[in-house]
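Keep in mind that this is a model prediction, so the values were computed, not measured. Convention: sequence-line order gives letters A, B, ...; per-chain numbering from 1.
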Amino acid sequence: QDLMEREFSVVGSWSTSSLYPDHEVPFWTKTLPEASNGAITVNIKAFDELGLSGGAVYEMVQQGVYDVGATVMDYVAGDDPRLEGVDLSGIADPVLAREIADAYRPQLAAVFDETFGGKLLAVVPFTSQVVFCNTPIKGLEDFDGKRIRGSGRMTIDFIEALGGTGVDVSFNEVTIAMERGVIDCGITGSLSGYLAGWPEAATHFYPLPAGGWDPVGIVMRNDVWEGLDEATQTFLMDEFAKFEDSVWTDASKSTEVGIACNTGGDCPYGDAADLTLVQITDADLKTALATLKDDVLPLWAERCGEACIENWNSTVGKVLDISAAAK
Amino acid sequence: MDRLTSLPRSLDIVISSADKIARVALLMGGALMLLSAFMIGMDVVLRRVFGVSTWGAGELSYYALAVSTSWAFSYAMLTKTHIRIAILTERLTPPVRAACDIIALLAMGWFSTTACWAIWGLLERTWGRGTTSLTALATPIWIPQALWLAGFAFFTLIIALLVLRVLAALFIERSYAIATLHGGAPTTAQETESAIAEGRASVHKDTL
Amino acid sequence: MLGVSIVVLLALLALSVPVAAALFILGVTLDWGYSPAPLINALGSQLWSTSTSFILVAIPLFIMIGEILQRSGIAAKVYDALDAWLSWMPGGLMHANIGTATFFSATSGSSVATAATVATIGMPQARRLGYDERFFAGSIAAGGTLGILIPPSINLIVYGFLARTSIPQLFLAGIVPGVLMALLFMIIIAALCAWKPHWGGGRRSATMSERLSKLRHLGPILLLFAFIIGSIYAGWATPTEAAAIGVIAALVMAWAAGGLSWRMIFETLEGTMRTTVMIMLILIAANFLNFVLASVGLTDRLLEVITELDLGPMQTLMLLIAFYIVLGFFVETLSLMIVTIPIVIPIVSGLGFDLVWFGILLIVLIEMALITPPIGLNLYVVQGVRDRGSLNEVIVGVIPFAVAMLLMIVALLLFPGLALFLPGFAEG
Ligand code: NA
Ligand code: NA
């Protein structure tokens, strides 16, 4: 069928991550134009290339500066704390992480519509946020007494619930801070950490996503969306569903590559580092879930309100088989 | 006619009270930054030495930076501290120079007015969403933004007053000298003078 | 688009429109002319994110350290101590000029204040001891410029912010070239005065016990420098945190030296905010322009043009250096940096140069701009303190030091390691 001729201006997520060059750029500049027989064309730049802060992306979309924007949803949790509910600490299985995202999607869509006047097109993982330490750890119980660099309210709450101290150190300063013993551990994407040289300062690598998966929401301004005919809308949603599939599938792969690059495996990005791989045990996964339920989610419930936590319990809570409430 | 001839004088009175406000705001801004230094220093010691988690000193310090600078823009306007490159205009005839001064004031006014409008919009949205910072403080962002906007608004007001004062000097008092006094760029000589004065002040306490 | 931008910017600056407003208006013009979307709608959020940047809090704090030290009356003591230690060399007191400037550079981020202070202390003595005033004044004007190369440096913070480069790394990178430059100045002074002894006044030598007793005057400043740079280097503190503790330490030093009073504190706060606000207004306008340039694709276009010209990276770099030297004669230095960085940085990084290294190279060029006529503030400050003779004499006196800066630029081109050694070392 014929689609509307339309040019979109898009602001994508971090240019330095793998999501942007490996998925967003090819999707917007190849897949969409080809699948639409050239009806859809796209201008895309990453927000950091534009000198925008990650938290300003949806605001820019709402203000009409761009048609579509993508950023890590945690960055705008201050605008609406309900967005935090999709990014949970300690969910190791990417399939489960995706089930959570799918279960929470209606709520996310409602929040974007209400807060930013936007239509949610896709939810994809940025990268799993794993743990590098320069001191031996065996698992979550060893977070106790450690000083850990993390970002995001839920992540910090998670660290502190386990007895650690959440420290705010900027990404570029982590290696130095770890070398000098200012922090014991740092949480970031396994490949970002590898590429930024964290293994030079660290000794142990713990692939549990203690900082969650940092899901990215791709959002189009409502008036742009409503200006599209039905055929184009359906076309876009179909393409975005395929896009989500490919990113989530790749997320499992990049987790494996991340482990390989940091712990002496087969690394396509250079010589693998030889950090000690700390195995994720079933006990750790249980501890993580219990910590979420007893400490992290109750604090979040205070921030986001009763309706919000009820909605979460009836969606994500069902998937994880837990139920939380404000203290 | 009487009212018209008294306009420059009335403007002078308004400007001199605005100047007093600007000076107080400048000192308060400086005090805020000094306070920030103490807060950050305390935070570093608590965090690095005693391992206490940060409590938001850094965050408060950058709100202080935003608010104290926006309030200091006016003082800089009144004391001609905003940088203008006057190497060419210095050499022009008084009428052309006066025209350049008015253009310079209007350009600054355009910037500040647009900024006020843009910040007002931003403030409305952060207020509407109830946006808070992502830190332990969870500061409602509208509070620092409102204080920040007020500084920009005062800045715009000062520029408007200066435009009126320069026009009054040109068309009522018919004096280029007075126009330059209010709207002109500082000459190299004036800039040097203030730097030297500071250098001297720093040394004269001592006996050599 | 490129042509329009350059014409608009130059026209506005030539009309003496304030630099901040000129940058803003250029942004608005490009938005109207070349962007399908209303980029101006991003203004509020861009202004807010620049104004509330934690790293920029370091700017007022470093300025405050300099202001406190300047008003605490320790400058004269430092000068006195360095006189005892350095004046035995050919060129006598001029080494104390460079030395004092170096010491003050190491705690304050500004160069004009340093030049004014040293000139006020040094000039009367130079007259008494029969120095060649041209050369003596030149050494003060040039020595003052070290303030922006030796960390902490406001100019390096501004560069790091706009070029999105690590400020701790820039600070570390400035140390070796800064110290080398100070040594180079001293070598030139000694060599020229050995050749023409009447340029330098009578040499003086102090006894060892005199020297040792005066050493304590240097202690506090050395300690402050070691603390600021050490804590950044060790990763204990970010530049902003180091600056905050530096402010507290400087206050304690001023109190110990008996220089603390309410009046002095008021003057310090006023001086701090006056310099800060001048930088901040231009910086917030420049960051909005940065955003517009990237959004309308002007930075991409610029890279294309450079590629089409088919100059090698080295030739392009030479062109840039020539461009800064020429502009440096005429344009106030802070504006020169802030106006050009958004345009120049994409080119430099596109050509594959290290941005930390380029930052140091740029600062040396900016130092040169501070002592080249007709617009070179340090020249005017020194001339103003001299209060006799003509500006031309200072300009003549500064020539050997400008040559030293050119040598430094060549050295940085030949041995990038001069700048990159320390930051690389810190990385591990
Ligand atoms: Na310095
Ligand atoms: Na110059």
Side-chain angles (χ1 to χ4, degrees), chain B residues 26-27 29-31 33-34 36-38 40-41 44 48 58 61-66 68-70 72-73 75-76 79 81-89 100 103-104 107-108 110-111 114-115 118-119 121-122 144-145 148 185 188 191-193 195-196 198-203 205-206 208, chain C residues 13-21 24-25 43-45 47-48 51-54 56-57 60-61 64 70-71 73 75-76 112-113 116-117 119-121 236-237 240-241 244-245 247-248 259 266 269-274 276-278 280-282 330-332 334-335 375 377 380-381 384-385:
Chain B
L26 184 87
L27 275 180
M33 293 325 295
L34 184 59
S36 300
F38 280 104
I40 296 171
V44 174
R48 301 286 197 249
S61 76
Y62 58 67
Y63 298 144
L65 176 70
S68 63
T69 46
S70 85
F73 291 151
Y75 171 89
T79 53
T81 319
H82 289 303
I83 299 175
R84 290 172 66 183
I85 296 171
I87 182 168
L88 292 177
T89 48
C100 284
I103 292 173
M108 206 61 147
W110 184 9
F111 181 23
T114 317
I119 297 167
L122 186 70
Q145 277 181 346
W148 180 57
T188 317
E191 282 174 63
T192 315
E193 226 168 83
I196 297 164
E198 277 183 38
R200 290 231 165 96
S202 72
V203 174
K205 300 189 177 73
D206 292 343
L208 278 169
Chain C
L13 293 178
L15 282 172
S16 81
V17 166
V19 174
F24 165 76
I25 292 172
L43 182 66
S45 116
L47 292 177
W48 180 243
S51 300
T52 55
S53 158
F54 183 59
L56 294 185
V57 175
L61 299 189
M64 202 180 281
Q70 248 208 316
R71 292 184 166 75
V112 173
T117 310
T120 312
I121 308 168
W236 292 333
T240 310
E241 292 168 345
I245 299 185
V247 166
I248 301 170
F266 280 136
L269 297 182
E270 194 185 334
T272 302
M273 287 314 291
R274 208 171 38 213
T276 303
V277 74
M278 188 171 87
M280 283 301 288
L281 190 67
I282 303 185
F330 306 104
V331 183
E332 189 276 330
L334 187 74
S335 340
I375 304 294
L377 201 48
Y380 290 95
V381 169
V385 177

Interface check, chain C: of B/Leu88, B/Thr79, B/Ile119, B/Thr81, most non-hydrogen pairs under 4.5 Å belong to B/Thr81

The reported gap from CD in B/Gln145 to OG in B/Ser70 (rounded to nearest 0.5 angstrom) is 11.5 Å

Whatever's closer than 4.5 Å to a heavy atom in chain B on C/Val247 counts as side chain

When the 4.5 angstrom heavy-atom criterion is applied to C/Leu15 and chain B, the contacting part is both

Rounded to the nearest 0.5 Å, the CG atom of C/Leu47 sits from the CH2 atom of B/Trp148 at a distance of 5.0 Å

So, the part of B/Phe73 with a heavy atom under 4.5 Å from chain C: the answer is both

Counting heavy-atom pairs under 4.5 angstrom with chain B, the leader among C/Ile248, C/Ile282, C/Thr276 is C/Ile248

Ranked by heavy-atom pairs below 4.5 Å to chain B, first place among C/Met280, C/Met278, C/Met273 goes to C/Met273

So CG of C/Leu43 and CZ of B/Phe111: to nearest 0.5 Å the spacing works out to 7.0 Å

Honestly, the part of C/Phe54 sitting under 4.5 Å from a heavy atom of chain B is both

Max heavy-atom pairs within cutoff under 4.5 Å with chain C, candidates B/Ala64, B/Ala31, B/Gly121, goes to B/Ala31

Between the CD1 atom in C/Ile245 and the OG1 atom in C/Thr240, the distance rounded to the nearest 0.5 Å is 11.5 Å

When the 4.5 angstrom heavy-atom criterion is applied to C/Leu56 and chain B, the contacting part is both

Pair count under 4.5 Å, heavy atoms only, with chain C: among B/Ser36, B/Ser61, B/Ala76, highest is B/Ser61

Report yes if some heavy atom in the side chain of C/Met64 is under 4.5 Å from a heavy atom in the side chain of C/Leu269; otherwise report no. yes

Closest non-hydrogen atoms of C/Gly44 and B/Ala118, given as atom of the first, atom of the second and distance, are N-CB, 3.5 Å

Cut-off 4.5 Å, heavy atoms of chain B, and the answer for C/Leu61 is side chain

Looking only at heavy atoms, the pair that brings B/Ser68 and B/Met33 closest together is OG-SD, 3.5 Å

Legend entry - B/Leu122 and C/Trp48, any side-chain heavy atoms less than 4.5 Å apart: yes

Exercise. Please lay out, stage by stage, how C/Val19 and C/Leu13 fare under the test side-chain contact (heavy atoms from CB on, under 4.5 Å).
Key: CA-CA 7 Å; C/Val19 174; C/Leu13 293 178; 4.1 Å; yes

- prompt: Quick one: are B/Ile103 and C/Val17 in side-chain contact, heavy atoms under 4.5 Å?
  reply: yes

Counting heavy-atom pairs under 4.5 Å with chain B, the top scorer among C/Ala119, C/Ala244, C/Ser16, C/Ser51 is C/Ser16

Applying a strict 4.5 Å limit to non-hydrogen atoms, the region of B/Thr114 in contact with chain C is both

Under 4.5 Å to a heavy atom of chain B? For C/Pro60 that would be side chain

Okay, C/Thr272 and chain B: the region with an atom under 4.5 Å from a heavy atom over there is neither

